[in-house]
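We name chains A, B, ... by the order of the sequence lines, and we start the count at 1 in each one. Note that this is a predicted model, so its numbers are computed, not measured.
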Protein chains: 2
Amino acid sequence: MTSVKSNKPTEGELEILQVLWNNNKASVRTVHETLLKVKDCGYTTTLKLMQIMFKKGLVSRDDSNKIHIYTANVTREKTQKQFLNKMIDSLFAGSSTNLVLQALGNHKTSNEELKKIQVLLNQLKQTK
Amino acid sequence: MTSVKSNKPTEGELEILQVLWNNNKASVRTVHETLLKVKDCGYTTTLKLMQIMFKKGLVSRDDSNKIHIYTANVTREKTQKQFLNKMIDSLFAGSSTNLVLQALGNHKTSNEELKKIQVLLNQLKQTK
DNA sequence: CTTTAGCTACGAAATACATCGTATATAATG
DNA sequence: CATTATATACGATGTATTTCGTAGCTAAAG
């Protein structure tokens with residue numbers, strides 16, 4: 001039996017994953033520079049975090065050159081699911097519909113987006 | 001200008017809020033007993049957590065009797081919004097639609113629920 | 001070749017959080 | 001009245017997370 005831990009990434013790790021997902025791969029420098037637009041911390045902080053993520057297996061890296069290049073080991077989708085499920089459980093009484101309704105209600109959504117949702121909704125109705 | 005901190009409740013706090021929301025108000029004993037179904041910890045742990053929440057202003061309490069009765073100071077809806085927004089930001093590239101699509105796609109949703117969503121969707125389309 | 005700039009490694013401190021043990025007060029029980 | 005059960009208060013510990021400073025390596029610039 002293989003150990004199934006699959007720990008959620010932390011806040012800080014999530015911010016870094018975000019950059020890696022957007023760029024496909026990135027150096028510490030790039031990640032740090034990007035994060036600076038959002039938060040404020042030293043370069044070595046970002047570095048350390050990414051090193052920890054590497055040790056955890058959350059990211060891979062190519063260290064054949066001086067500048068190490070990192071890539072995410074988890075997909076955005078898988079992580080989204082992970083957090084969504086957690087959230088549905090702990091905040092929406094287990095009902096994904098509640099979450100959807102709340103999310104739809106909160107934000108103003110463009111016509112384009114409403115269409116996308118309608119399409120998916122139709123598909124779901126089909127399969128019934 | 002009033003200080004706008006509004007810190008997110010932690011995991012543990014969320015579990016407690018959940019019970020308070022469901023029961024409207026509750027003693028430490030009740031909260032603890034309920035939590036035991038889900039997690040495993042000592043009574044004083046729950047107590048301490050609730051005391052901290054009180055100090056933070058996350059909950060109120062009636063301590064006129066020996067058994068203190070707690071109530072949530074934040075609504076479920078407000079907290080849901082808080083977490084949803086955070087999540088949309090950090091995991092869904094700012095698009096609530098992405099979140100909705102992902103949430104709908106993951107779980108199997110009953111016909112009843114699909115209808116509810118359809119109703120809201122129609123309303124949103126109307127207001128365009 | 002020496003200096004400088006940029007990089008990684010790593011220990012250490014600061015912070016946040018969850019957990020528990022012990023002290024103390026008080027109501028209920030016998 | 002003494003004992004027991006049940007409350008709250010609170011300090012202390014353990015662990016996770018974040019942050020930073022410093023050391024050491026190497027390539028580029030002078």
>> Distance check needed: D/dA23 P versus A/Y43 OH, whole Å only.
In response: 19 Å

> Would A/K25 count as a cation-pi partner of A/Y70, with NZ or CZ less than 6.0 Å from the six-membered ring centre and within 45° of the ring normal?
Replying inline: no

> When the distance from CD1 of B/I67 to P of C/dT26 is rounded to whole Å, what number comes out?
Replying inline: 15 Å

> Does B/R61 have a side-chain nitrogen or oxygen under 4.0 Å from the phosphate oxygens OP1 or OP2 of D/dA7?
Replying inline: no

> For A/N7 and D/dT15, what is the distance between atoms CG and P respectively, to the nearest whole Å?
Replying inline: 15 Å

> Could you state the NZ-C1' distance from B/K39 to C/dC20, rounded to the nearest angstrom?
Replying inline: 13 Å

>> Taking only side-chain N and O atoms of A/T45, does any of them lie within less than 4.0 angstrom of OP1 or OP2 on D/dC20?
In response: yes

> Is a side-chain donor-acceptor pair under 3.5 Å present for B/N22 with B/R76?
Replying inline: yes

> side-chain contact (heavy atoms from CB on, under 4.5 Å) between B/F92 and B/L101: does it pass, once the steps are laid out?
Replying inline: CA-CA 11 Å; B/F92 291 88; B/L101 293 176; over 6 Å; no

> Closest approach of B/N24 and B/T71, non-hydrogen atoms and distance?
Replying inline: O-CG2, 3.5 Å

> Among C/dA9, C/dT19, C/dA18, which nucleotide sits nearest the side chain of B/E11?
Replying inline: C/dA18

> Does one hydrophobic cluster hold both B/Y43 and B/L35, with members joined at side-chain heavy-atom distances below 4.5 Å?
Replying inline: yes

>> Please determine whether side-chain contact (heavy atoms from CB on, under 4.5 Å) holds for the pair A/M50 and A/H32, giving the CA-CA distance in whole Å, both sets of side-chain angles, and the decisive distance to 0.1 Å.
In response: CA-CA 10 Å; A/M50 292 178 74; A/H32 181 60; over 6 Å; no

> Residues two or more places apart in sequence or in another chain: which of them pass salt bridge (Lys or Arg N to Asp or Glu O under 4.0 Å) with A/K56?
Replying inline: A/E13

> Please give, in whole Å, the distance from D/dT6 P to B/I69 CD1?
Replying inline: 16 Å

>> Any residue in residues 47-57 of chain B with a heavy atom nearer than 4.0 angstrom to DNA chain C? Just list them by number, or reply none.
In response: B/K48, B/L49

> Mapping B/G42 and A/T44 onto DNA chain C by nearest heavy atom, which one lands closer to the 5' end?
Replying inline: A/T44

> Taking the side chain of A/K66 as its heavy atoms from C-beta onward, which of C/dC20, C/dT26, C/dC7 lies nearest to it?
Replying inline: C/dC7

> Rounded to the nearest Å, what distance is computed from the CG atom of residue B/L35 to the P atom of nucleotide C/dA18?
Replying inline: 12 Å

> When the distance from NE2 of B/H32 to P of D/dA5 is rounded to whole Å, what number comes out?
Replying inline: 17 Å

> A/T10 near the nucleic acid: base, sugar-phosphate alone, or nothing, with a heavy-atom cut-off under 4.0 Å?
Replying inline: sugar-phosphate

> In whole Å, what is the span from the CG atom of A/N65 to the P atom of D/dA28?
Replying inline: 12 Å

>> Taking the minimum atom-to-atom distance to the side chain of A/R29, which one of C/dA9, D/dA7, C/dG6 wins?
In response: C/dG6

